[in-house]
Amino acid sequence: MHILVINCGSSSVKAAILHPETRARVARLKAERLGTDRASVRIQHMDGARTEALGPVDAPEALRVLLPAFLEAATVKVVAVGHRVVHGGERFTTPIAITDEVVEALKGLTPLAPLHNPANLAGIRSARDLLPDVPHVAIFDTAFHSTLPRRARTYALPTALAEKHGARRYGFHGPSHAWSSRQAALHLGRDLRDLRVITCHLGNGASACAVEYGRSIETSMGMTPLEGLVMGTRSGSVDPGLLLRVMREEGWGPARMDQVLNRESGLLGLSGVGRDLRDIEERSANGNESCRLALQVFTHRLRKYIGAYAAVMGGVDAIVFTGGIGENSALVRHRTLQRLDFLGARLSESENRSAQVDLHHVVAPIHAQDSTVALLVVACDEEAELARGVRMVLREQAAVQAPRTIPIAVSARHIHLTQEAVDILFGAGHTLTPYKPLSQPGQFACEEKLTVVGPRRSIEGVRVLGPTRPACQIEVSRTDEFFLGIDAPVRDSGDVKHSAGCTLIGPVGRLALTEGVICARRHIHMRPEDAERFGVEDRDVVEVAVNSAGRDLVFGDVLVRVSLKYALEMHLDTDEANAAEIVRGHEGSLVETGATALLRCRKTVFDTA
Ligand code: AMP
C-alpha cells in the first residue's frame with residue numbers, strides 16, 4: 001500500500017511516494033523556481049537521482065507533465081493521494097476526502113491564503129485528472145491548531161470588525177508540529193496526552209507551538225503565516241503602529257508593505273546578506289555586525305516565545321527543535337536555550353554539537369543529565385504526516401457503517417473526594433454512604449453533599465460521587481463557573497493538574513483546594529466490542545449528532561474512552577444537555593435520558609502508529 005503525497009506551491013512542487021507505516025520512500029520529486037527561466041526538477045527513484053532543467057511551466061503544469069513518468073518509474077501501486085493544503089479555515093479541522101463539493105469549499109477559502117490555497121487547488125486539479133480512480137485527501141496546515149482556545153485565537157480588535165473580516169488566529173505548520181510532538185512522546189516512552197511540549201519549527205518559515213496534553217493551545221503564527229518568529233524573509237511580529245507610520249510616511253500601499261514584510265525582512269532584511277542561516281552564522285563568526293544582530297534577534301525572539309508558552313501551560317516537559325535550522329544549527333539551539341535553566345531546561349553542549357537526525361534516526365536528545373525538561377532535535381517529516389492523514393481517511397471509509405446509536409447520560413455538577421478529604425469534611429473515619437448506583441459499573445451517587453465556594457459566590461448541596469479517588473475533582477458546568485467566579489479548564493476526568501481551585505465546606509470541616517475544579521470534557525464510555533463496531537479506538541475524538549425532541553445538535557470534540565470496565569454511554573454536562581433540550585433527571589447523578597446520539601464521523605485521532 002503506497003501513498004502519493006503532493007505539496008504544490010506557487011513556484012515549487014514537492015511529491016513523494018511512500019509506505020504510510022514504514023515511511024519508506026520509493027520515489028521523490030522536487031521542482032523549484034517554477035515560472036522562471038531557472039526552473040528545474042530533481043527526481044529520485046530507487047535506482048538513482050537526476051536533475052533536469054524545465055521550460056517555462058507553472059506549478060500545476062509541471063505536475064501534469066512530470067507526474068505520469070514519475071509514477072510509472074516508481075513501479076508500485078499508488079492507492080491514494082494526499083494533498084497539503086495550507087488553509088482549511090474554520091470548516092476543515094481534520095483530513096478530508098476530496099470531492100467536487102470540497103473543492104468548491106476550498107475555493108471559498110482563497111481570501112484567507114491568497115498565495116497558497118490557489119496553488120494547492122491547482123495541484124489537486126492536476127492530480128485528480130491524472131489519477132481519477134483513487135481517493136484524494138486534503139490535509140490542512142491549520143487543522144492541528146483547530147484546538148486553540150478562544151483566548152489564544154482572538155485578536156483584541158473591535159468584535160464587529162474582527163467578525164466582518166474573519167480575523168482570528170489560525171496557526172500553520174500543523175503537520176510539522178503534530179509530527180514532532182508525537183515523535184518526542186514516542187522517544188520519551190510517554191503518552192503525548194501526559195506531556196506539555198513546545199515545538200519549534202525553524203526553517204525558512206518558522207513557528208512555535210505549545211502542545212498541551214496532545215492539543216495545540218498556542219502557536220506563533222496567526223491569521224496569516226507572517227506573525228510570530230523571525231523567519232528567512234518574513235519579519236514575524238512587528239508593532240502594527242510602526243507599519244501604519246511607515247505606510248503613511250513612505251506613501252506605500254498594501255502591496256509594497258506586503259512585499260517588505262514577507263520577502264525583504266527577517267534574516268534577509270537584518271543581515272543584508274541573504275536568508276540562508278549557514279551564511280549568516282559564518283559571517284557572524286567573522287565579525288559581521290549585521291549578521292551577529294540577525295542571530296541575536298532570531299534567538300531572543302524564540303526564547304521569549306518558549307518562556308511565554310511554558311507560562312501558558314504552567315510548565316513544560318519537552319522542547320523540540322525541527323526544520324532546516326532546528327535540525328542543523330547547534331548554535332541557534334545553544335543560544336535559544338541559554339538562561340532557560342529556571343524552567344529546568346539544561347543543554348548538554350556535547351550532545352548539542354554532535355546531534356544528527358535524519359528520516360531513520362528521527363530524534364536526538366540534547367539535554368544534560370540533570371535537565372528536568374527533555375530537549376530534543378526531531379527530523380521533520382511532513383510527508384509521513386500527510387500519509388498518516390490519508391490513512392486515517394481510508395480507515396474511516398472502511399469502518400463498518402453499522403447503526404451507531406449511543407445512550408446519553410447527563411452529568412450534573414458533582415464532586416469526587418479522596419478518603420483524606422472525606423475525613424476532613426465529614427469527620428475522621430467517615431465512609432461515603434451510597435444513595436443510588438450510577439450507570440457506570442461500581443460508581444454510585446452518595447447521600448453526602450457539600451458547599452462549593454468560589455471567589456464570587458457559593459453553590460450549596462453539591463452531591464458527592466463514590467467511591468473515593470486518588471485526587472479530589474469537582475466537575476462543574478460553564479454556567480456554574482460564571483456563578484462561582486472560577487475559570488476552570490475543559491479536561492478529561494482525572495486530569496486535574498494545574499486546574500482551578502476552590503473551597504469545599506462540609507458538615508465537619510472545610511478544605512481549600514489549589515486545583516481540582518474542571519469542566520468535564522464530553523466523552524463516550526464504551527466497551528471494546530462497541531469500539532470495533534463503531535470503527536473507533538480509545539482516545540479518538542469524534543463528532544456526535546444528538547437527535548433530541550427539541551433542538552438537534554452536533555457535538556464536536558467528543559472523547560472516546562474504551563475499557564472493559566465501561567458501559568456504552570455518552571456523558572454531557574447540564575449546559576450541553578440543555579442546549580440540545582435533552583431532559584435531565586435527578587440532580588447529582590448520572591441519568592439515562594432515553595435520548596440517543598449518532599456517531600457521525602471520526603475526527604482527530606491520537607493514535608501512535
Ligand atoms: P527548511 O525551510 O526547513 O528547508 O530550512 C531552511 C533553513 O535551514 C535555511 O535557512 C538554511 O540555512 C537552514 N539550514 C540548513 N542546514 C543548516 C546548517 N547546517 N546550519 C545552519 N542552518 C542550516
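Remember, it's 1-based here, ligands and their atoms both numbered in the order they're listed.
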- May I ask you to decide whether R278 forms a salt bridge with E282, counting only side-chain N to carboxylate O separations under 4.0 Å? no

- Query: Among pairs that include at least one residue of residues 196-205, which meet side chain to side chain donor-acceptor pair (under 3.5 Å), considering only residues two or more places apart or in two chains?
  - Reply: S176-H201, H177-T199, R196-D317, R196-H498

At less than 3.5 Å, what protein N or O atoms come close to the N or O atoms of ligand 1? Include the distances to 0.1 Å.
residue  : atom   : partner : partner atom : Å
ligand 1 : 2 (O)  : N204    : N            : 2.8
ligand 1 : 3 (O)  : G324    : N            : 2.8
ligand 1 : 8 (O)  : I325    : N            : 3.3
ligand 1 : 10 (O) : L277    : N            : 3.4
ligand 1 : 12 (O) : D276    : OD1          : 2.4
ligand 1 : 12 (O) : L277    : N            : 2.9
ligand 1 : 16 (N) : N328    : ND2          : 3.4

- Hits for salt bridge (charged side-chain N to carboxylate O under 4.0 Å, His left out) against R190, two or more places apart or cross-chain, chain-then-number order -> none

- Task: Measure across V373 and L343 and return the closest heavy-atom pair with its distance rounded to 0.1 Å.
- Result: CG2-O, 3.4 Å

- Query: Under the salt bridge (charged side-chain N to carboxylate O under 4.0 Å, His left out) test, which residues partner R303, sequence neighbours left out?
  - Reply: none

- Spacing of I280 atom CD1 and L270 atom CG [to the nearest 0.5 Å]: 8.0 Å

